[in-house]
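Below, each value reflects all heavy atoms present in this structure, side chains not excepted, and no hydrogens, waters or symmetry copies.
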Amino acid sequence: MRTQVAIIGAGPAGLLLAHLLRLRGIESVVIEARSRDYVEHRVRAGVLEQGTVDTLTDAGVGERMLREGLVHHGIELRFGGQGHRIAFEKLVPGRAITVYGQQEVVKDLIAARLEAGGEILFEVADVVPEEFGGPSPQVSFTHEGERKVIQADFIAGCDGFHGVCRDTIPAGVLTFFDKEYPFGWLGVLADVAPSSEELIYSSNARGFALHSMRSPTLSRFYLQVAPDEDIANWPDDRIWDELAARLETVPGWSLAAGPVLEKGITAMRSFVAEPMQHGRLYLAGDAAHIVPPTGAKGLNLAAFDVTVLTEALAAWYASGEGSLLDGYSQACLRRVWRAQHFSWWMTTLLHSFGSYDAYDRRLQESYRDYVCTSDAASTSLAENYVGLGRYRSPA
């Protein structure tokens, strides 16, 4: 096979990249290790920044998102027996977040891709990006029992943190920045209407909890747990008891319980690979960086990466100008590190750390109070949460 851009990975990064490239008249082929059913139903992030919503809408794949997504104009921080609303409409007028599951974004992008006649090869194996140090990169893989090769001008590595693309870059090229947190998140999807119209980030002596939602009838919850916790230790009744203990700290508010549909434990870590490119291989999304989910930045960073890459590739195909491709990593990393800091900051602000002594806990309490009583501090949180401005290519 011959194409202009070979895209490895059919998650949000790879699919959005393929869609944006098609709108610019650039051909691509997408390959994915998992099945279509798997990628369309894996539950992941669900908070979209304003810029991500605008990108999807402008690209013509936001109709269902605008119809079914839940637009939020604030979040609640809950601690010390009180709730503190961070009001986006006051602090960052005209900007909001939209709760719309990652799997729904993926469904919309796959549908648009296939309707336009684009190619996605699911359930591929033994993927090997090759020759990307020169002008003729290629990707070899096995599909339906046959060994195949895609010849391309460029390769986009959108295959996630555990994908193959980052590891194929020669040793010594990349620098890794990694931080592991001393806790994980127990995530729960429940068949119950949300008990709040907006997300609740709650913290008390028992630890952190998050009340989120996926639809008017589905709720999403998270509990801080030990990183090596066994999910078998968390039967449904214990989950609901612990959620109530951490969330029901404001007088007059109660948590509605319901059937648990899914649950699992995810470790918390931060990771960045620099640079995000080598030769004609470009990393995007989780292949290059991951953040703890506290700040809701993972999918949004992926969308930003591929927007930058689309502009760079469009400039190259239009005029042979390679400066944007050369500057791809630098353009992305500025935002990546802003999101890394915000995600780390939200994590340290709201979680319990076993290593904290009485002094550390007092500092944490003081800063929480400052965030909720200072317009300047609240505005900083709101601005980062709804997302910084959209990418604009240099003139």
Side-chain angles (χ1 to χ4, degrees), residues 1-32 48-66 105-121 129 132 135-139 150-159 165 276-277 279-285 287-288 299-332 335 387 389-395:
M1 289 181 282
R2 169 71 195 174
T3 192
Q4 291 173 298
V5 182
I7 301 174
I8 303 175
L15 292 168
L16 181 56
L17 175 62
H19 184 77
L20 295 176
L21 290 176
R22 184 183 66 80
L23 295 179
R24 307 298 283 269
I26 300 170
E27 297 177 353
S28 64
V29 174
V30 181
I31 63 173
E32 165 62 43
L48 305 184
E49 294 177 354
Q50 185 67 58
T52 302
V53 170
D54 293 343
T55 295
L56 293 170
T57 302
D58 292 349
V61 289
E63 180 181 353
R64 193 165 69 95
M65 171 192 65
L66 295 177
V105 174
V106 167
K107 290 175 187 176
D108 295 341
L109 289 168
I110 288 177
R113 173 76 173 171
L114 298 180
E115 182 179 352
E119 193 162 17
I120 309 173
L121 301 180
F132 49 81
S136 303
Q138 63 183 34
V139 180
I150 300 175
Q151 297 177 333
D153 299 323
F154 302 95
I155 300 173
C158 305
D159 53 345
C165 289
M276 293 169 54
Q277 62 192 94
R280 292 196 171 197
L281 170 61
Y282 297 84
L283 304 177
L299 186 155
N300 296 293
L301 280 179
F304 183 83
D305 290 348
V306 299
T307 302
V308 176
L309 186 54
T310 297
E311 294 297 324
L313 289 167
W316 190 88
Y317 280 110
S319 65
E321 170 57 45
S323 61
L324 293 184
L325 281 173
D326 293 340
Y328 164 73
S329 183
Q330 182 179 2
C332 292
R335 192 182 189 100
R390 298 168 70 187
Y391 173 72
R392 295 288 184 266
S393 59

Fill in the blank from the handout: Those residues at least two apart in sequence (or on a different chain) that pass side-chain contact (heavy atoms from CB on, under 4.5 Å) with R2 are Q151, D153

Exercise for the section: Sequence neighbours left out, what passes side chain to side chain donor-acceptor pair (under 3.5 Å) with Y328? Give chain and number order. Expected result: none

Problem - Nearest heavy atoms of L109 and P12, plus distance in Å - result: CD1-O, 4.1 Å

Fill in the blank from the handout: Across all chains, not counting sequence neighbours, the side-chain contact (heavy atoms from CB on, under 4.5 Å) partners of A152 are T3, A6

Handout entry: side chain to side chain donor-acceptor pair (under 3.5 Å) against E119, all qualifying residues, sequence neighbours excluded
Key = none

Problem - Atom pair CD1/CD1 of I150 and I8 - distance to nearest 0.5 Å - result: 8.0 Å

Fill in the blank from the handout: Rounding to 0.5 Å, atoms CG (L20) and OG1 (T55) come to a distance of 7.5 Å

Exercise for the section: Evaluate the side-chain proximity of L325 to L309: yes if any heavy-atom separation is below 4.5 Å, no if none is. Expected result: yes

Handout entry: Least distance between heavy atoms, A156 atom then L17 atom
Key = CB-CD2, 3.4 Å

Problem - Over-ring placement of R280 relative to F132, 6.0 Å and 45° cut-offs - result: no

Completion exercise
Heavy-atom nearest pair, A13 first then A302, reads CB-CB, 4.0 Å

Handout entry: D305 side chain to C332 backbone, donor-acceptor under 3.5 Å
Key = no

Fill in the blank from the handout: Residues C158 and I7: closest non-hydrogen pair is SG-CG2, 4.2 Å

Fill in the blank from the handout: Correct closest heavy-atom pair for G9 and V30 would be O-CG1, 3.7 Å

Handout entry: Non-hydrogen side-chain atoms of L15 and V105 separated by less than 4.5 Å
Key = no

Handout entry: Pairs satisfying side chain to side chain donor-acceptor pair (under 3.5 Å), at least one member in residues 12-30, at least two apart
Key = R24-E311, S28-R113

Completion exercise
A288 meets the side-chain contact (heavy atoms from CB on, under 4.5 Å) criterion, sequence neighbours left out, with M276, L283

Practice task
Kindly say whether S329 contributes a backbone atom to a donor-acceptor pair with the side chain of Q277 at under 3.5 angstrom?
Solution key: yes

Exercise for the section: Would you please name every residue forming a side chain to side chain donor-acceptor pair (under 3.5 Å) with N300, sequence neighbours left out? Expected result: T52

Problem - Non-neighbouring partners of T57 that pass side-chain contact (heavy atoms from CB on, under 4.5 Å), sequence neighbours left out - result: V53, M65, L66

Fill in the blank from the handout: CG of L56 to CG of D108, rounded to nearest 0.5 Å, is 8.0 Å

Problem - I31 side chain near M1 side chain, heavy-atom distance below 4.5 Å - result: no

Handout entry: salt bridge (charged side-chain N to carboxylate O under 4.0 Å, His left out) involving E32 - partner list, sequence neighbours excluded
Key = none

Handout entry: Pairs flagged by salt bridge (charged side-chain N to carboxylate O under 4.0 Å, His left out) wherever residues 4-16 is involved - sequence neighbours left out
Key = none

Practice task
Kindly give the heavy-atom pair with the smallest separation between L324 and A315, and that separation in Å.
Solution key: CD1-CB, 3.9 Å

